[in-house]
Amino acid sequence: MEWLGIERPEIIARATENINEMVALIERLASEDIAYKTDDGSWYFRIAKFPDYGKLSGKDLEGIEDGARVDVDEYEKDAARDFALWKATKPGEASWETSIGTGRPGWHIECSAMAMKHLGPSFDLHAGGEDLAFPHHENEIAQSECASHQPFARHWFHVHFLLVEGKKMSKSEGNFYTLRDLLLKGYRASAIRFLLVSVPYRHQMNFTFEGLAESTAAIDRLRGFARRMEATAKNPALPVERNEELDALVADKLAAFHAALQNDLNTAEARAAIFDIVRAANIAIDSNTFGLGNVERIAKALADFDAVFDVLTDRDAAISQGAVAWAQAEGRADDIAPELLVAQSITDEEIETLIAERTDARKRRNFARGDAIRNELLEKGVLIEDGKDGVTWKRK
RNA sequence: GCACCGGUGGCGAAGUGGCUAACGCGCUGGUCUGCAAAACCAGUAUGCGCGGGUUCGAUCCCCGCCCGGUGCUCCA
């Protein structure tokens with residue numbers, strides 16, 4: 001997770017450490033006859049007591065009427081759609097001895113109990129995959145709101161599953177990749193992150209290797225621009241007064257960036273606004289209409305962008321090295337892309353030395369030698385750029 | 001079979017009842033460069049799954065169909 005720049009949760013709750021809370025919740029429901037015990041010692045939730053059932057998923061409950069697809073007697077439930085809160089012990093299963101009997105909690109009660117314990121009866125946001133809306137989240141709402149008599153989560157955030165190369169991801173399709181797999185193939189962590197966040201969460205995205213290459217190129221452009229801004233800000237030849245037209249455009253696009261994120265996290269639109277700024281600023285610099293006064297707002301835009309997207313700072317090499325080290329330790333060295341090892345075989349110091357030699361050769365107009373060095377570095381994944389103010393380089 | 005979500009250029013992907021259908025990548029040509037790279041410019045969907053309908057006007061609304069995803073039993 002940290003490889004993708006994802007923050008760790010403040011609290012990671014474990015179901016097995018919160019059995020008491022779950023039992024208390026079931027007892028509270030039982031006191032209002034919402035939870036009931038069956039002959040085998042299991043507890044079920046009486047959906048008839050919660051008229052709002054189905055409000056999240058918009059399910060038509062007629063489809064799961066009593067006895068339609070489930071043998072009611074077999075489960076001893078009062079209604080087929082009632083769901084388990086607590087399951088009586090079965091041989092070979094973990095169980096706890098509690099005031100409501102010996103057994104283990106049902107799946108849904110765990111989440112209700114832990115969410116309310118840490119966040120209170122009402123909280124802002126509950127997330128989950130699209131597959132969980134029904135029945136899991138629906139059942140959480142029913143249990144929690146019946147127990148607390150308050151609204152449970154105010155907003156629900158359901159992410160769509162992604163497609164991989166146009167198909168659902170599955171081991172049998174052979175399109176199941178872990179983050180480590182992708183890193184070992186030579187893709188950058190930042191590109192993976194950027195691709196994943198570039199499509200709004202509500203939409204199903206098609207994750208492709210071509211898409212990863214696209215993200216890599218897009219990040220290169222953004223990082224290149226960030227570097228260019230830094231260099232430009234230090235350029236003493238630049239006029240101090242700002243280009244008002246450009247500044248207004250940047251302000252406009254920065255507002256659009258934030259508006260897009262405010263609009264249900266539309267990351268695709270937010271991203272577009274930043275690229276608009278990049279292009280406009282590049283044009284201004286290229287046409288010598290850029291002033292030092294323009295730097296401030298653009299720097300603010302980049303900072304705001306990166307506070308969310310977090311791809312400008314290059315930590316890719318270290319992360320890839322981590323993946324390589326892992327593969328070597330696990331005996332999976334064969335999975336490491338050759339380019340990755342080649343790229344890691346040259347140090348920054350060695351690159352600087354070669355570039356200095358090349359610059360020297362070019363001054364003497366020995367272009368053959370200069371180009372030879374450039375090609376040598378290129379083979380090691382190092383790209384040289386000759387700018388007006390000197391040579392810069394980056395790893396591919 | 002039923003319900004919900006989606007189907008936009010070569011690819012990824014925004015968006016809107018009527019303005020040139022964003023943005024990124026790719027590709028082609030150009031500027032710059034010793035040559036490249038980077039950056040910039042121009043071009044690249046007469047078109048938004050298919051067929052009807054509503055409307056002065058639909059990619060955007062309605063209906064049907066096709067395709068993809070998810071759910072509709074248990075487990076988590």
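Sequence lines set the chain letters: A, B, ... in the order given, protein chains first and strands last, and positions in each chain run from 1. Nothing here was measured: the structure is a model prediction, and the numbers come from that model.
- B:U55 is unpaired under the criterion used here, namely a Watson-Crick or G-U wobble arrangement in which both key atom distances are under 3.5 Å.
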All N/O donor-acceptor pairs, side-chain side in residues 238-245 of chain A, below 3.5 Å, sequence neighbours left out:
| from | atom 1 | to | atom 2 | distance (Å) |
| --- | --- | --- | --- | --- |
| A:R242 | NE | A:E244 | OE1 | 3.2 |
| A:R242 | NE | A:E244 | OE2 | 3.1 |
| A:N243 | OD1 | A:E245 | N | 3.1 |
| A:N243 | OD1 | A:L246 | N | 3.0 |
| A:N243 | ND2 | A:T289 | O | 2.9 |

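- In this structure the side chain of A:L182 reaches within 4.5 angstrom of the side chain of A:F207, judged on heavy atoms.
- Applying the ring-ring contact (aromatic ring centres under 6.0 Å, His included) test to A:F176 and every residue at least two apart in sequence or in another chain returns nothing.
- Comparing the same atom, C1', in B:G52 and in B:U70 gives a spacing of 29 Å after rounding to whole Å.
- B:U44 and B:U20: their C1' atoms are spaced 15 Å apart (whole Å).
- Relative orientation of the A:Y177 and A:F209 rings is perpendicular, given thresholds of 30° and 60° on the angle between their planes.
- Nearest-nucleotide assignment on RNA chain B puts the 5′-proximal partner with A:A213, out of A:K394 and A:A213.
- A:D335 is linked by a side-chain contact (heavy atoms from CB on, under 4.5 Å) to A:L184, A:R332, counting only residues two or more places apart in sequence or in another chain.
- As rounded to whole Å, 14 Å separates atom C1' of B:C72 from atom CZ of A:R81.
- Rounded to a whole angstrom, the distance from the C1' atom of B:G69 to that of B:G10 is 24 Å.
- Using a 4.0 Å cut-off between charged nitrogen and carboxylate oxygen, A:R46 and A:D82 do not count as a salt-bridge pair.
- Distances shorter than 4.0 Å separate some side-chain N or O of A:R221 from OP1 or OP2 on B:C40.
- Each of B:G15, B:G26, B:A38 was ranked by its minimum atom distance to the side chain of A:E385; first place goes to B:A38.
- Of the candidate nucleotides B:G15, B:C72, B:U70, B:C72 has the atom lying nearest to any side-chain atom of A:P135.
- Looking at heavy-atom distances under 4.0 Å, A:R104 makes contact with sugar-phosphate atoms alone, never a base.
- Comparing the P positions of B:G47 and B:C60 gives an interatomic distance of 15 Å, to the nearest angstrom.
- For B:A3 and B:G12, the C1' atoms lie 29 Å apart once the distance is rounded to whole Å.
- Remark: A:N282, A:I283, A:D286 in residues 282-308 of chain A come within less than 4.0 Å of RNA chain B through at least one heavy atom.
- Atom name P, nucleotides B:G49 and B:U8: the rounded distance is 7 Å, in whole Å.
- Within the 4.5 Å cutoff, the side chain of A:L132 has no heavy atoms near those of the A:H126 side chain.
- The shortest distance between the side-chain N/O atoms of A:R228 and the OP1/OP2 oxygens of B:A39 is not below 4.0 Å.
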All N/O contacts under 3.5 Å from nucleotides 7-13 of chain B to the protein, with atom names and distances to one decimal?
| from | atom 1 | to | atom 2 | distance (Å) |
| --- | --- | --- | --- | --- |
| B:G12 | OP1 | A:N206 | ND2 | 3.4 |
| B:A13 | OP1 | A:N206 | N | 3.2 |

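- A:R221 places a side-chain heavy atom less than 4.5 Å from the side chain of A:R279.
- The same atom, P, is picked in B:C48 and in B:A58; the two are 12 Å apart, to the nearest Å.
- Residues A:S95 and A:T102 have side chains that never bring a donor and an acceptor to within less than 3.5 angstrom of each other.
- On the C1' atoms, B:G15 is 15 Å away from B:A45, given to the nearest whole Å.
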CA sep, side-chain torsions, deciding dist, call: A:D181, A:K185, salt bridge (Lys or Arg N to Asp or Glu O under 4.0 Å): CA-CA 6 Å; A:D181 292 337; A:K185 281 175 183 286; over 6 Å; no

Protein-nucleic acid N or O pairs under 3.5 Å, nucleotides 32-34 of chain B:
| from | atom 1 | to | atom 2 | distance (Å) |
| --- | --- | --- | --- | --- |
| B:G34 | O6 | A:R362 | NE | 2.8 |
| B:G34 | N1 | A:D371 | OD1 | 3.2 |
| B:G34 | N2 | A:D371 | OD2 | 2.8 |

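- Across all strands shown, A:E130 has heavy atoms under 4.0 Å from sugar-phosphate atoms exclusively, and none from any base.
- No donor-acceptor contact under 3.5 angstrom links the side chains of A:N206 and A:T208, judged on distance only.
- Across all strands shown, B:G43 pairs with B:C27; the Watson-Crick or G-U wobble distances both stay below 3.5 Å.
- Figure legend. B:G1 is base-paired to B:C72; pairs are counted as Watson-Crick or G-U wobble with both atom distances under 3.5 Å.
- For A:L222 and B:G24, the CG to C1' distance is 9 Å, given to the nearest whole Å.
- Ring planes of A:F194 and A:F309: perpendicular class, angle over 60° (limits at 30 and 60°).
- With respect to the salt-bridge test (charged N to carboxylate O, under 4.0 angstrom), the residues A:D40 and A:K90 do not qualify.
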